[in-house]
Engineer: 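Below is a structure I'd like to ask you about.
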Amino acid sequence: MKKRIELTPNIEALFGTRDENLRVLEDGFNVNIDLRSDSIELEGSTRDVTRAEQVFADYDALQRSGHSFNNGDLNSMLRVLISDPNATLRGLAEAGKQRSFGRRTVQPKSLNQRRYLEAIEQHDMVFGIGPAGTGKTYLAVAMAISALLSKRVNRIILARPAVEAGERLGFLPGTLQEKIDPYLRPLYDALYDMLEPEKVDRYLEKNVIEIAPIAFMRGRTLNDSFVILDEAQNTTSEQMKMFVTRLGFNSKAVITGDVTQIDLPNARRSGLLEAIDVLKGVQGLSFVYFDEGDVVRHHLVQRIIHAYEEHKTRIADEPQMSLLDSRGTAGVKGMPSDIAGPTTGQVETEQ
């Protein structure tokens with residue numbers, strides 16, 4: 001099937017730098033896009049051409065209505081469209097406008113990010129689990145700010161376990177707050193990125209936004225709040241149980257973590273790993289899992305995560321291969337089979 005689309009200034013903005021968005025459409029929708037002097041020609045199956053044509057129509061309508069796309073949002077939306085056949089460009093753009101994120105426009109950059117945002121809207125407790133750079137914490141903070149600005153909650157509480165790779169609070173100089181702040185800095189960074197610094201400072205001063213180690217949650221019941229537990233893989237079993245039972249009326253909780261980066265001392269079992277096992281059948285909860293394809297940092301980060309996953313798989317397989325070699329290849333462990341001779345089992349079979 002071939003389809004011709006008239007070339008307009010609104011449509012041309014869709015192409016992207018060096019036509020990169022057109023390449024995404026071609027590869028994702030399996031269509032051929034031919035640029036002419038006054039038109040675009042789409043060629044492919046009827047279904048694929050129809051979907052691609054809808055993207056151009058939606059983009060043109062959005063541009064005419066004054067919608068603007070920032071910071072690679074359009075490219076990210078196109079990738080979401082490719083992953084989800086039921087999604088439309090107009091639907092994704094309008095869903096973004098319905099959420100107020102302060103001075104930022106936050107759009108999901110992958111299908112899992114979209115599922116994550118929808119899960120937070122629809123459930124009172126959500127677990128976001130996946131590698132670094134997938135937007136777990138940033139999107140959770142964005143949704144918290146959206147809930148606060150729209151007056152669906154009265155405050156935001158951001159918590160983190162004060163456990164990192166090798167450091168201990170007691171060895172850091174300063175007061176307790178000065179010791180704690182470096183561990184909570186990523187949460188501050190997300191807040192200052194989405195709200196004016198003066199507004200963040202005012203919210204912090206009035207405890208409308210509270211940032212604290214998870215130990216400070218004990219004994220509290222959190223009503224009318226949006227609560228985020230970041231780096232949850234470094235909670236103990238006791239801390240996780242304490243946190244998930246703090247939820248009060250008209251509140252939401254988002255728990256984020258990366259199970260491949262557990263820094264707990266003495267190999268204590270991660271509270272996040274236990275929660276995945278214990279709570280997976282509980283109604284009203286949602287688990288959203290991210291993978292390397294959701295990484296939105298530098299493209300090298302995605303490849304680095306993939307390399308570590310391959311290394312982990314390779315290391316896990318090595319003991320099994322060694323065991324097979326010792327039993328199948330050699331009759332006596334560590335000796336070649338031609339020297340060791342037949343095993344006991346082989347001798348009995350021959351007799």
Side-chain angles (χ1 to χ4, degrees), residues 95 99-102 104 106-110 112-150 152-161 183-184 186-191 193-195 203 208-214 216-217 220-235 239-259 261 270-276 278-280 282-290 294 296:
R99 304 181 184 113
S100 173
F101 297 115
R104 283 281 183 182
V106 178
Q107 287 287 353
K109 298 184 183 299
S110 70
N112 284 331
Q113 285 195 357
R114 184 186 176 206
R115 289 172 177 159
Y116 185 51
L117 295 182
E118 290 174 350
I120 293 173
E121 288 178 337
Q122 297 166 9
H123 297 84
D124 289 338
M125 185 174 291
V126 176
F127 287 78
I129 302 163
T134 51
K136 305 182 301 295
T137 303
Y138 190 87
L139 291 175
V141 173
M143 292 298 283
I145 289 173
S146 176
L148 181 66
L149 295 180
S150 59
R152 283 175 284 144
V153 298
N154 294 332
R155 58 180 172 165
I156 297 172
I157 299 174
L158 309 174
R160 247 189 172 206
Y183 293 91
L184 307 175
L187 300 175
Y188 284 105
D189 291 344
L191 288 171
D193 192 44
M194 291 179 216
L195 293 172
Y203 282 156
V208 174
I209 297 178
E210 182 180 345
I211 305 178
I214 188 174
F216 287 22
M217 299 293 104
R220 302 176 64 180
T221 300
L222 307 173
N223 297 317
D224 301 307
S225 303
F226 197 117
V227 193
I228 299 172
L229 173 57
D230 191 33
E231 298 289 339
Q233 76 275 5
N234 288 330
T235 60
Q239 287 175 328
M240 178 60 76
K241 183 180 178 182
M242 178 270 292
F243 179 84
V244 296
T245 55
R246 296 306 93 196
L247 196 65
F249 295 106
N250 189 40
S251 293
K252 283 185 180 288
V254 179
I255 298 101
T256 70
D258 178 1
V259 294
Q261 296 190 30
S270 166
L272 179 59
L273 288 176
E274 184 180 69
I276 293 171
V278 174
L279 303 178
K280 59 186 176 184
V282 176
Q283 290 187 345
L285 293 177
S286 179
F287 289 84
V288 180
Y289 293 89
F290 298 87
D294 300 302
V296 293

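Numbers here simply count residues along the sequence, with the first being 1. Computed over heavy atoms, backbone and side chain alike; hydrogens, waters and symmetry mates excluded. Given the structure is predicted, the values throughout are model-derived calculations rather than measurements.
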Engineer: Is the shortest heavy-atom distance from the side chain of Val254 to the side chain of Val227 under 4.5 Å?
Structural biologist: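 They are not in side-chain contact.
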Engineer: Hey, could you give me the OG/CG distance between Ser251 and Asp224, rounded to the nearest 0.5 Å?
Structural biologist: 6.0 Å
Engineer: Would you sort out whether Leu247 and Leu222 count as a side chain to side chain contact (heavy atoms under 4.5 Å, CB included), showing the intermediate values?
Structural biologist: CA-CA 5 Å; Leu247 196 65; Leu222 307 173; over 6 Å; no
Engineer: Any heavy-atom pair between the side chains of Leu272 and Ile255 that's under 4.5 Å?
Structural biologist: yes
Engineer: Within the side chain of Arg114, is there an N or O that forms a donor-acceptor pair under 3.5 Å with the backbone of Ser110?
Structural biologist: no
Engineer: Taking all non-hydrogen atoms of both residues into account, name the closest pair between Met242 and Arg246 and its distance.
Structural biologist: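 Heavy-atom minimum between the residues: O-NE, 2.8 Å.
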Engineer: Do Phe226 and Ile120 come close enough that some side-chain heavy atom pair is under 4.5 Å?
Structural biologist: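 Side-chain contact under 4.5 Å: yes.
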Engineer: Under the side-chain hydrogen bond (donor to acceptor under 3.5 Å, both in side chains) rule, collect the residues that match up with Arg155, sequence neighbours excluded.
Structural biologist: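 Listed in chain order: Ser225.
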Engineer: Just to verify, what does Arg220 make a salt bridge (charged side-chain N to carboxylate O under 4.0 Å, His left out) with, not counting sequence neighbours?
Structural biologist: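 Salt bridge (charged side-chain N to carboxylate O under 4.0 Å, His left out) check on Arg220 returns Glu210.
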Engineer: Measuring only between side-chain heavy atoms, which start at C-beta, is Ile129 closer than 4.5 Å to Ile276?
Structural biologist: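 They are in side-chain contact.
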Engineer: Indicate yes or no for a side-chain donor-acceptor contact from Thr245 to the backbone of Lys241 under 3.5 Å, with no hydrogens or angles considered.
Structural biologist: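 Here the side-chain-to-backbone pair exists.
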Engineer: So, applying side-chain contact (heavy atoms from CB on, under 4.5 Å) with Leu229, which one of Thr256, Ile157, Thr235 is it?
Structural biologist: Thr235
Engineer: Could you tell me whether a side-chain N or O of Ser150 sits under 3.5 Å from a main-chain N or O of Ser146, the two making a donor and an acceptor?
Structural biologist: yes
Engineer: Name each donor-acceptor pair under 3.5 Å that joins a side chain in residues 282-290 to protein atoms two or more places apart or in another chain, with its distance.
Structural biologist:
none

Engineer: Which is it for Met143 and Glu121 under the side chain to side chain contact (heavy atoms under 4.5 Å, CB included) test, yes or no, and what are the steps along the way?
Structural biologist: CA-CA 8 Å; Met143 292 298 283; Glu121 288 178 337; 3.4 Å; yes
Engineer: Please report the shortest heavy-atom distance between Leu158 and Leu187, naming the atom on each side.
Structural biologist: CB-CD1, 3.6 Å
Engineer: Would you say that Leu191 contacts Tyr203 through its side chain, given a criterion of any heavy-atom pair below 4.5 Å between the two side chains?
Structural biologist: no
Engineer: Determine yes or no for a side-chain-to-main-chain donor-acceptor pair under 3.5 angstrom, with Asn250 supplying the side chain and Arg152 the backbone.
Structural biologist: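 Yes.
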Engineer: Between Lys252 and His123, what is the shortest heavy-atom contact and its length?
Structural biologist: NZ-O, 2.8 Å
Engineer: For Met217 and Ala212, which heavy atoms make the closest approach, and how far apart are they?
Structural biologist: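 Nearest heavy atoms, Met217 then Ala212: CE-CB, 4.5 Å.
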Engineer: Can you tell me how far CG of Asn234 sits from CD of Gln239, rounded to the nearest 0.5 angstrom?
Structural biologist: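 Between atom CD of Gln239 and atom CG of Asn234 there are 9.5 Å.
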Engineer: Between Gln233 and Gly257, is there a donor-acceptor pair closer than 3.5 Å when you use the side chain of the first and the backbone of the second?
Structural biologist: no
Engineer: Please report the shortest heavy-atom distance between Asp258 and Ala132, naming the atom on each side.
Structural biologist: OD2-N, 3.6 Å
Engineer: I'd like to know if the side chain of Asn223 reaches the main chain of Phe249, judged simply by a donor and an acceptor atom lying under 3.5 Å from each other, with no hydrogens or angles considered.
Structural biologist: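 It does hold such a pair.
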Engineer: Any side-chain heavy-atom pair from Val141 and Ile145 closer than 4.5 angstrom?
Structural biologist: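 Heavy-atom side-chain distance check passes, below 4.5 Å.
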Engineer: Which atom pair, heavy atoms only, marks the closest approach of Ala275 to Phe127?
Structural biologist: CB-CE2, 4.1 Å
Engineer: Where the side chain of Gln113 meets the backbone of Thr134, is there a donor-acceptor pair that is under 3.5 Å apart?
Structural biologist: yes
